[in-house]
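To start, the structure under review is shown below, and the notes come after it.
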Amino acid sequence: MVSKFTAGLNAEQSRAVVTTEGPLLVLAGAGTGKTRVITHRIGHMLAQGVPARHVLAMTFTNKAAGEMKERIAGLVARQAAAELTVGTFHAFCVKALRQYADRIGIRRDFAICDGDDQLLAIKQAQRELQIPETTMQPRMCQSRVSLLKNRLVAPEACLDSDDAWEVDIGRVYERYDKSLRVRGMLDFDDLLLSLVRLLQDKAMLQTFRERYRYLCVDEYQDTNGPQYEIVRSIGGAHRNVCVVGDDDQSIYGWRGADISKILNFEKDFPNATVVRLETNYRSTVEILNGANAVIRNNPARHAKTLRSALGNGQAISIRKLRDETQEAQFVVEEIVKRVREHQTPLRDLAILFRTAVQPRAFELQLRQFGVPYVLVGGMSFFDRKEVRDVLAYLKLVANPADELSLLRVINTPPRGIGDTSIEKFLAVAAAQGLPLADVIQRSEAFPAIPATAAAAANRLLATLATLRGLQDGKDLVTLVREVVAAVSYAEEVQRCYPDPVMRAKRWEGVSELMNMAEVHARQRKDATLGTFLEDVTLNANDQEDADSQGENKLTLMTLHSAKGLEFGEVYLVGMEEGLLPHAKSLEDGNVEEERRLAYVGITRAKQRLTLTFVESRARYGQRVAVVPSRFVYEVQGLQAPTASPTRSKPVAVAKVAAKATKRRKAKTPTKP
């Protein structure tokens, strides 16, 4: 029977919507309308009498969670929608830990440590352990520690290793974790791990199982170890677990995502219903034929074939260029031609690449032609110096134990506390086992600390203490304004940017924080400085460049950033062995994830797709011969050479492009 929740859906989508009891695996191929299925399924559940408070829906980005909430609110009564628990894994964990963290020995008012603060804490741990940054790069160490947490590996496992490098990682990991606990902080990985620990308490587990009787998880192919444990623990008894995802789009293994979780769902939840969404409403037949031809070469996957609802369209264009300069010239000239002759809006076009260094040549050409563009993945609003500085001051007002924020602003604006003095503060703190603030306040007891620097630091701590006392008597926006004024931050902006135009632009970041505080206070009746900082930290990772939204600009982005997006016309560039698939994946034998990455890139295109590769490319200051990616062969249904072709075999390269040209001439493409 057709209801308002199944009207307009195809048979597979309808089946997923009405299957509400028991485990359900929805294999949603690219462009098959999974968000509509998820939201309509929740709406159908509520219409069938499932209490909204018993429904938990989790996804991976705040943007996706927000879209889900809006769509559900448009389908059901506002009150019912408001009682649903819809959000990211991390937001759900924060909410749970604010209630129950003390059950596992964590303060309920813990602060959340963002990426930059994590890096600073890693550096400090290495410094205390006398592990030079030249032998262990802090950013690499940060990534490794995060990956270990995502795999549920404790530091003790590293300390027992026979590998000296792994032992040092374990030492840093252990010291880093201890430093966060002392400061009353959790990093993003800790949020997940802490909830896993909480759910090991039988009483707590029962509480969560009684509250959340229906689970829905989007992008299940991206789940890591702790996220999987949360889903399995809460949903293990009632088994009303719906997961939606596509193993063919699992591209985040490098940061802990475990594709085996979606591949083994039917083992974890026996007798699960499996629904395959294979009708694609985004791309043409030609584009999907290429995508299917590539991804079928991966052995570890759920079998599915995308079918287009849009018709044939244009054949995939494959172009061989001489080098990266000619590649950039070709792509940009063609984009300019498409815009002029076909009136294609720039916002409908995208250049996708595998590595962050590839866009340089394209940016040069785009500037020469005066083509406006946005490079996605550039500096975020939350990465701006002014924003990070002011947030650090606000964090210190909320949490005086936040040493990472104190180190950031201790001499910003300049207070006569130089790097040497800071090093002495830290050395004494490490030697005495004391918090940094305690060392500053008791500086007279430590002769190594310069008196002038200590006095300046104490004046800062006194200012922060005064501001801390204002929290209860001031509204949020007024408090933010008073913090900015009390630390003379306007003087810092003036000092750093003497040019009035640049100064005004930089001050806009500070003003925008005040605007965000106003919005937060308006949206939350219980708004405090703590809730504001929590909201900012959880949303920072999803923040896009607001200046570019809605503008008619060409998009440049990495394939990892492009997941979930779509464009009318896509240029997938640098299709060569060593780039896509990446050289590291070739060394590690992990070509399957690279193939999924190529599949994601191909399926971003709606009407038109161009693949480019070059004959030679500059690497490490030298020009080297390169060969076309195996995925270029696969997209044409060709068998890639078993041995990597070299410059002595240029015919293999020519055949790939020649076949594509022949196919283009043989077809009369339909209008998209």
Side-chain angles (χ1 to χ4, degrees), residues 3 5-6 9-29 32-61 64-65 67-69 71-72 75-76 80-81 83-89 91-92 208-224 227-250 257-278 302 304 564:
S3 70
F5 301 108
T6 58
L9 302 183
N10 62 40
E12 293 84 4
Q13 291 173 327
S14 295
R15 185 181 174 210
V17 166
V18 300
T19 304
T20 58
E21 300 295 320
L24 171 65
L25 170 62
V26 181
L27 295 169
T32 56
K34 72 177 179 66
T35 304
R36 189 179 185 192
V37 168
I38 293 170
T39 53
H40 280 238
R41 182 176 181 275
I42 292 174
H44 174 75
M45 289 167 56
L46 300 184
Q48 295 297 306
V50 173
R53 67 183 305 272
H54 290 322
V55 178
L56 169 61
M58 291 187 289
T59 185
F60 281 80
T61 68
E67 182 180 357
M68 196 183 296
K69 289 177 184 176
R71 291 201 187 189
I72 295 172
L75 292 170
V76 301
E83 292 177 0
L84 293 166
T85 301
V86 180
T88 64
F89 272 95
F92 174 67
F208 278 82
R209 283 180 170 176
E210 288 178 359
R211 170 68 191 275
Y212 301 110
R213 299 177 187 175
Y214 293 84
L215 272 65
C216 182
V217 184
D218 190 15
E219 304 287 4
Y220 190 67
Q221 76 280 350
D222 293 334
T223 49
N224 59 27
Q227 289 161 341
Y228 165 78
E229 288 297 329
I230 291 168
V231 173
R232 186 191 61 80
S233 297
I234 298 176
H238 52 64
R239 288 172 32 92
N240 294 323
V241 178
C242 168
V243 301
V244 183
D246 182 8
D247 45 281
D248 290 337
Q249 296 186 74
S250 180
D258 186 352
I259 192 175
S260 70
K261 304 309 181 192
I262 190 169
L263 294 177
N264 294 331
F265 182 81
E266 293 166 88
K267 293 180 181 178
D268 295 330
F269 294 90
N271 302 315
T273 300
V274 180
V275 177
R276 287 172 166 80
L277 305 184
E278 298 175 302
H302 288 287
K304 51 191 169 303

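Model, not experiment: these values are computed from the prediction. Positions are given from 1, in the same order as the sequence printed here.
- Proximity of Val18 to Phe5: side-chain heavy atoms (C-beta onward) are nowhere separated by under 4.5 Å.
- Thr39 places a side-chain N or O within 3.5 Å of a backbone atom of Arg36 that can act as its donor or acceptor partner.
- Here the side chain of Arg239 pairs a donor or acceptor atom with the backbone of Pro270 at under 3.5 angstrom.
- Considering only heavy atoms from C-beta on, Val37 comes within 4.5 Å of Leu277 through its side chain.
- Among Val76, Val17, Val50, the single residue meeting the side-chain contact (heavy atoms from CB on, under 4.5 Å) criterion with Met45 is Val50.
- When all heavy atoms of Ala80 and Leu46 are compared, the closest pair comes out as CB-CD1, 4.2 Å.
- When only modelled atom types and interatomic distance are considered, Glu219 and Gln221 share a side-chain donor-acceptor pair under 3.5 Å.
- Without hydrogens or angle criteria, Asp246 side chain to Leu27 main chain gives no donor-acceptor distance under 3.5 Å.
- Closest approach of Phe269 and Gly235 over heavy atoms only: CE2-O, 4.0 Å.
- Glu210 approaches Arg213 most closely through the heavy-atom pair O-NE, 3.0 Å.
- At least one donor-acceptor pair closer than 3.5 Å links the side chain of Gln227 to the backbone N or O of Asn224.
- A donor-acceptor contact shorter than 3.5 Å links the side chain of Thr6 to the backbone of Ser3.
- Here the CG-OH distance, from Asp258 to Tyr228, works out to 9.5 Å after rounding to the nearest 0.5 Å.
- Of all the heavy atoms in Ile38 and Cys216, the pair that sits closest is CG2-SG, 3.8 Å.
- With rounding to the nearest 0.5 angstrom, the CG atom of Asp218 is 6.0 Å from the OG1 atom of Thr35.
- A distance-only check finds no donor-acceptor pair linking the side chain of Asp247 to the backbone of Leu263 [under 3.5 Å].
- Closest heavy-atom contact between Tyr214 and Thr20: CE2-O, 3.6 Å.
- Classification of the Phe208-Phe92 ring pair by plane angle, with boundaries at 30° and 60°, yields perpendicular.
- Taking each heavy atom of Cys242 and Val26 in turn, the nearest pair found is SG-CG2, 4.3 Å.
- Rounded to the nearest 0.5 angstrom, Met68 CE and Thr61 OG1 are separated by 9.0 Å.
- Here the straight-line distance linking atom CZ of Arg41 with atom CG of Leu75 works out to 14.0 Å at 0.5 Å rounding.
- Here the straight-line distance linking atom CE of Met58 with atom OH of Tyr220 works out to 10.0 Å at 0.5 Å rounding.
- Thr19 places no side-chain N or O within 3.5 Å of a backbone atom of Ala16 that could act as its donor or acceptor partner.
- Once rounded to the nearest 0.5 Å, the distance linking CG of Asp222 with NZ of Lys261 reads 13.5 Å.
- A side-chain donor-acceptor contact under 3.5 Å links Gln13 to the backbone of Thr32.
- Of the possible donor and acceptor atoms, one in the side chain of His54 sits under 3.5 Å from a partner among the backbone N and O of Arg211.
- Applying the salt bridge (Lys or Arg N to Asp or Glu O under 4.0 Å) test to pairs two or more places apart or on separate chains, none has a residue in residues 262-276.
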Passes side-chain contact (heavy atoms from CB on, under 4.5 Å), Ile42 versus Leu84? Steps please. CA-CA 9 Å; Ile42 292 174; Leu84 293 166; 4.0 Å; yes
Is there a side-chain contact (heavy atoms from CB on, under 4.5 Å) between Thr273 and Arg15 once you walk through the steps? CA-CA 10 Å; Thr273 300; Arg15 185 181 174 210; 3.5 Å; yes
